[in-house]
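Reading through the structure tokens given below for one structure.
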Amino acid sequence: MKLAMVEETKEIENSESPAVRLMRLSYIERVGTLLGIMIGEDISPRKSIVNEFHVSYDTIRHFLNFDTKIKIETILKFCYIIGHYLHEEYEAVENYKSKKHIKDRAKRLGRINQLQREYKEIYGAGAEAVEDLIKKKVDLRQFVNKAE
């Protein structure tokens, strides 16, 4: 089992150019950092990510630990996941549906906006595509899971 993982890791490393590897590792670090903040601030609870997007706890942990073996497909999937939870949290606070944050609503909205800017900085055109889907009322959980 362990040998198979080592071989798979070598295969991944050998199949990508140094430029692609550098880019993927940069995404892992930035996405992992943002995800850690969102989990820590209860914007995207691990249990919800697992249940709604069919991601394993291990995958979340790999991001939080900046595991270099995370595949580009997983990084791209998290564009939808992070976009979904930032939107959900913004809507909840904006519409006074988040009881935890009513007393510091303006501060909380500012924080969410800051995280949304960071998200857009990381994902660029991908974040714009996710926002377009949200505006069209597409359920990102269904959209992402349909592809699997």
Side-chain angles (χ1 to χ4, degrees), residues 1-2 4-17 19-101 108-148:
M1 176 79 174
K2 196 116 177 150
M5 266 180 50
V6 170
E7 289 301 314
E8 184 181 326
T9 302
K10 283 182 185 171
E11 197 176 295
I12 290 170
E13 288 173 0
N14 294 336
S15 70
E16 65 185 10
S17 70
V20 170
R21 179 174 169 73
L22 180 65
M23 193 68 65
R24 187 174 56 77
L25 296 177
S26 174
Y27 271 106
I28 291 168
E29 186 177 324
R30 294 184 72 189
V31 172
T33 300
L34 180 58
L35 185 62
I37 291 167
M38 291 174 61
I39 289 170
E41 295 184 14
D42 205 29
I43 293 171
S44 52
R46 292 174 207 235
K47 186 175 184 179
S48 298
I49 296 171
V50 169
N51 292 336
E52 296 178 343
F53 284 95
H54 309 290
V55 172
S56 72
Y57 284 105
D58 284 343
T59 300
I60 296 167
R61 190 174 60 255
H62 291 310
F63 263 116
L64 300 177
N65 293 331
F66 309 119
D67 187 324
T68 60
K69 293 183 266 333
I70 296 172
K71 294 180 180 162
I72 197 72
E73 291 82 8
T74 306
I75 294 167
L76 296 176
K77 183 174 184 174
F78 270 79
C79 181
Y80 294 95
I81 294 170
I82 291 170
H84 170 77
Y85 288 109
L86 285 173
H87 174 74
E88 291 288 305
E89 182 71 5
Y90 182 86
E91 289 293 308
V93 176
E94 175 73 19
N95 298 315
Y96 292 97
K97 290 183 178 151
S98 175
K99 294 191 176 21
K100 292 184 281 185
H101 307 296
R108 185 66 175 176
L109 286 173
R111 179 65 174 146
I112 297 164
N113 283 328
Q114 178 187 3
L115 294 172
Q116 285 176 325
R117 280 192 302 276
E118 199 170 315
Y119 164 68
K120 289 174 188 171
E121 216 174 88
I122 294 168
Y123 281 109
E128 289 175 22
V130 168
E131 283 182 353
D132 287 345
L133 291 172
I134 289 169
K135 285 178 187 159
K136 293 175 182 171
K137 305 279 188 238
V138 171
D139 184 339
L140 295 178
R141 296 163 296 196
Q142 298 293 321
F143 185 79
V144 170
N145 295 326
K146 197 185 306 178
E148 293 176 348

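In this chain, numbering begins with 1 at the start of the sequence shown.
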* Asked: Does one side chain, of Tyr85 or Glu52, offer a donor that lies under 3.5 Å from an acceptor on the other?
  ->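 Their side chains do contain a donor-acceptor pair, which is all the 3.5 Å distance test asks for.
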* In terms of side-chain heavy atoms, does Gln114 have a donor or acceptor partner in Arg111 at a distance below 3.5 Å? ->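 Yes.
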Find out whether [X] and [Y] are in side-chain contact, i.e. whether some heavy atom of one side chain is under 4.5 Å from a heavy atom of the other.
X	Y	value
Lys69	His62	no
Ile39	Pro45	no
Leu25	Glu29	no
Glu41	Leu115	yes
Tyr119	Val130	yes
Leu35	Ile49	yes

Nearest 0.5 Å, what's the [atom1]-[atom2] distance between [X] and [Y]?
X	Y	atom1	atom2	result
Leu22	Glu16	CG	CD	10.0 Å
Ser48	His84	OG	NE2	8.0 Å
Ile28	Leu64	CD1	CG	12.5 Å
Met38	Leu86	CE	CG	3.5 Å
Ile37	Ile43	CD1	CD1	9.0 Å
Tyr80	Phe143	OH	CZ	4.5 Å

* Shortest non-hydrogen separation from Ala127 to Cys79 and the atoms involved ->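 Minimum heavy-atom contact is N-SG, 3.8 Å.
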* At their closest point, which heavy atom of Leu109 faces which heavy atom of Glu94, and how far apart are they? ->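 Heavy atoms of Leu109 and Glu94 come nearest at CD1-OE1, 3.5 Å.
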* To do: Anything under 30° is parallel, anything over 60° is perpendicular, the rest tilted; go ahead and classify Tyr123 against Tyr27.
  =>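 Plane angle between 30° and 60°, so tilted.
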* Asked: Quick check: does any side chain N or O of Arg24 sit under 3.5 Å from a backbone N or O of Ile70, one acting as donor and the other as acceptor?
  ->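 Yes, because the side chain of Arg24 sits within donor-acceptor range (under 3.5 Å) of the backbone of Ile70.
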